[in-house]
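Heads up: the structure comes next, in structure tokens.
If you're wondering where the values come from, they're calculated on a predicted model, not measured in any experiment. Chain A is the first sequence line, chain B the second, and so forth, proteins listed ahead of strands; every chain is numbered from 1.
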2 protein chains.
Amino acid sequence: MATAAKNIQILKEVLQKEGLRFTRQRLAVWTEIGISRKHRDADDIFISIRSKGVKVSRATVYRTIDVLVKNKLVRKLDVGDGKNRFESKIDEEHHDHMICLETGNIIEFYNSRLEQLQEKIALDNGYELVRHVHQLFVRPIKK
Amino acid sequence: MATAAKNIQILKEVLQKEGLRFTRQRLAVWTEIGISRKHRDADDIFISIRSKGVKVSRATVYRTIDVLVKNKLVRKLDVGDGKNRFESKIDEEHHDHMICLETGNIIEFYNSRLEQLQEKIALDNGYELVRHVHQLFVRPIKK
DNA sequence: ATTCTTAATGAGATTGAGTCTCATCGTAAT
DNA sequence: ATTACGATGAGACTCAATCTCATTAAGAAT
Ligand SMILES: [Mn+2]
Ligand SMILES: [Mn+2]
Ligand SMILES: [Zn+2]
Ligand SMILES: [Zn+2]
């Protein structure tokens, strides 16, 4: 799964639902996020698209990402360095992130008990959990 | 506890340890964060100090907050609206935050099992947990 | 294929939180 | 009181992100 053709279809459906046109720029942004390594920032994506010969502006990159995030195709991630990062949610299970304070490396993790606890905490307070931000800042154990 | 005199003493000790001078501005910032309601942003603190007749600049507010955060007198909190918020850690146990998406209200919570799980997840990956960011974005349950 | 309507785009201006500069001020040691 | 040097403030600056608006191009209609 997650073939190029499949991803184009997913994008087209979202754009149609939103009443938006299918453009080369929007496809380029979605392709860039979908195909590439994860946790990339907007400028990274912008530079990469340009380097592949597709004409695009920063404004369009940001505008397109907003649409993708709104429609849950892409996840926005703040690792605390002032720049948002993005990753495709296609073929991805939910996970949270551990950021190494020494290398900047981002490690993904998932723990169902942790997820359940969060739902419970919200409920116990009379709320419904909509989303959560959870990052562990860590240091390698030296022996 | 947490009398004004006590708080001044705490500040003086930190400044001494850091080799920094005790100034009216630094006291004003610490007092503002320590005395007032929680989760305030830097500009809020800046305006409030000025309104009380103490001459201070934004630069000094930010610089002082950095010292306070470094010395664990104050906690920096990012609720995702682009502005950091601050709260005194004096007489406060560790807690995380639930942000109501409808009212913007910030509810504090603490769950020891949750805290333990995070330590464990880091360790299982060969890391030591230094700090964590954990926010639940919630919506009131309507019945 | 050509025309037409209107949404989408791009270059560059703008915003805003946070940082930096450096001339001046004030703490605190003596 | 004098003095040394750290602290401060006004405003310039940074940089991610947003906005403006003249121009471009989807894509529907024919
Ligand atoms: Mn990830
Ligand atoms: Mn709090
Ligand atoms: Zn999670
Ligand atoms: Zn916690």
Side-chain angles (χ1 to χ4, degrees), chain A residues 8 11-33 39-71 74-86, chain B residues 8 11-33 39-71 74-86:
Chain A
I8 294 177
L11 175 64
K12 281 188 169 166
E13 278 162 21
V14 160
L15 292 178
Q16 182 146 37
K17 180 164 80 68
E18 290 281 330
L20 300 171
R21 294 174 180 174
F22 178 84
T23 65
R24 279 181 318 120
Q25 287 81 359
R26 283 173 175 156
L27 175 57
V29 171
W30 172 228
T31 300
E32 191 62 36
I33 295 175
H39 314 130
R40 304 184 63 194
D41 64 55
D43 209 55
D44 210 25
I45 292 163
F46 165 71
I47 299 289
S48 188
I49 292 172
R50 284 228 159 163
S51 77
K52 285 165 184 163
V54 178
K55 193 165 180 297
V56 74
S57 67
R58 252 172 263 268
T60 294
V61 170
Y62 279 108
R63 285 185 290 229
T64 301
I65 288 173
D66 285 346
V67 174
L68 299 177
V69 169
K70 179 184 174 200
N71 287 278
V74 166
R75 184 177 180 199
K76 185 186 291 200
L77 175 66
D78 177 1
V79 297
D81 68 348
K83 291 187 277 193
N84 283 312
R85 317 209 157 232
F86 306 95
Chain B
I8 292 176
L11 176 64
K12 280 189 169 166
E13 279 161 21
V14 161
L15 293 177
Q16 181 147 35
K17 179 163 81 68
E18 290 281 329
L20 300 171
R21 293 176 180 172
F22 179 83
T23 64
R24 278 181 318 119
Q25 287 80 359
R26 285 174 174 156
L27 175 58
V29 172
W30 172 229
T31 300
E32 192 61 37
I33 296 176
H39 313 129
R40 305 183 62 192
D41 63 55
D43 209 55
D44 209 25
I45 292 163
F46 166 70
I47 298 289
S48 189
I49 291 173
R50 283 228 159 165
S51 78
K52 285 166 184 162
V54 177
K55 193 166 180 297
V56 75
S57 66
R58 253 171 261 268
T60 293
V61 170
Y62 279 109
R63 285 186 289 229
T64 300
I65 288 173
D66 284 347
V67 174
L68 299 177
V69 169
K70 179 184 174 201
N71 287 278
V74 166
R75 183 176 179 199
K76 186 185 289 200
L77 175 66
D78 177 1
V79 298
D81 67 348
K83 290 187 279 192
N84 283 312
R85 316 209 159 234
F86 307 94

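Checked by atom type and distance alone, the side chain of A:S48 never pairs as donor or acceptor with a backbone atom of A:I45 at under 3.5 Å.
Looking at residues two or more places apart in sequence or on another chain, you find a salt bridge (Lys or Arg N to Asp or Glu O under 4.0 Å) between B:R85 and B:D81. By the side-chain contact (heavy atoms from CB on, under 4.5 Å) test, B:K70 pairs with B:E18, sequence neighbours left out. Partners of B:K52 according to the salt bridge (Lys or Arg N to Asp or Glu O under 4.0 Å) rule, which considers only residues two or more places apart in sequence or in another chain, are B:E32. Residues satisfying the salt bridge (Lys or Arg N to Asp or Glu O under 4.0 Å) test with B:D41, not counting sequence neighbours, are B:K83. Listed by chain and number, the residues in a side-chain contact (heavy atoms from CB on, under 4.5 Å) with A:D78 are A:N84, B:D78 (sequence neighbours excluded).
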Check: residues 21-28 of chain A side-chain donor-acceptor pairs under 3.5 Å, at least two apart:
unit_1: A:T23; atom_1: OG1; unit_2: A:R26; atom_2: N; d: 3.1
unit_1: A:Q25; atom_1: NE2; unit_2: A:K55; atom_2: O; d: 3.2
unit_1: A:R26; atom_1: NH1; unit_2: A:R21; atom_2: O; d: 2.8

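Rounding to the nearest 0.5 Å gives a distance of 8.0 Å between CD1 of B:I49 and OG1 of B:T31. Note: B:R40 CZ to B:I65 CD1 = 10.0 Å, rounded to the nearest 0.5 Å.
Of all the residues in residues 77-84 of chain A, not one reaches under 4.0 Å from DNA chain C with any non-hydrogen atom. Remark: nothing in residues 49-57 of chain A comes within less than 4.0 Å of DNA chain D through any heavy atom.
The side chain to side chain contact (heavy atoms under 4.5 Å, CB included) test with A:F46 singles out one residue from A:T60, A:V61, A:V29, and that residue is A:V61.
Here the side chains of A:L68 and A:L11 are in contact, with some heavy-atom distance below 4.5 Å. Contact check for B:T64 versus B:W30: no side-chain heavy atoms found under the 4.5 Å cut-off. Side-chain contact check for B:R75 versus B:F86: every heavy-atom pair is 4.5 Å or farther apart.
On the nucleic acid side, DNA chain C has its first and last nucleotide under 4.0 Å of a heavy atom of chain A at C:dT6 to C:dA11, going 5' to 3'.
Note: CD1 (B:I65) to P (D:dT8) measures 13 Å, nearest angstrom. What separates CG of B:L27 from C1' of D:dT8 is a distance of 15 Å, to the nearest Å. In this structure, the CZ atom of A:F46 is 15 Å from the C1' atom of D:dT18, given to the nearest Å. Between the CG atom of B:L15 and the P atom of D:dA7 there is a distance of 9 Å, given to the nearest Å. Rounded to an integer number of Å, the gap from CD of B:E18 to P of D:dA7 is 10 Å. Between the CG atom of B:L11 and the C1' atom of D:dA7 there is a distance of 14 Å, given to the nearest Å. When the C1' atom of D:dA17 is taken as reference, atom CZ of A:R63 falls 12 Å away, rounded to whole Å.
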Polar atoms only, N or O, under 3.5 Å: list the protein pairs with nucleotides 24-27 of chain D and their distances.
unit_1: D:dA26; atom_1: O3'; unit_2: A:F22; atom_2: O; d: 3.4
unit_1: D:dA26; atom_1: N3; unit_2: A:R21; atom_2: NH1; d: 3.1
unit_1: D:dG27; atom_1: OP1; unit_2: A:F22; atom_2: N; d: 2.7

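The rotation axes computed at either terminus of the helix from C:dA1-D:dT30 to C:dT30-D:dA1 lie 30° apart, taking five pairs at each end and rounding to 10 degrees.
Residue contacts for B:R26: at a heavy-atom cut-off of 4.0 Å it reaches the sugar-phosphate backbone alone, with no base atom in range.
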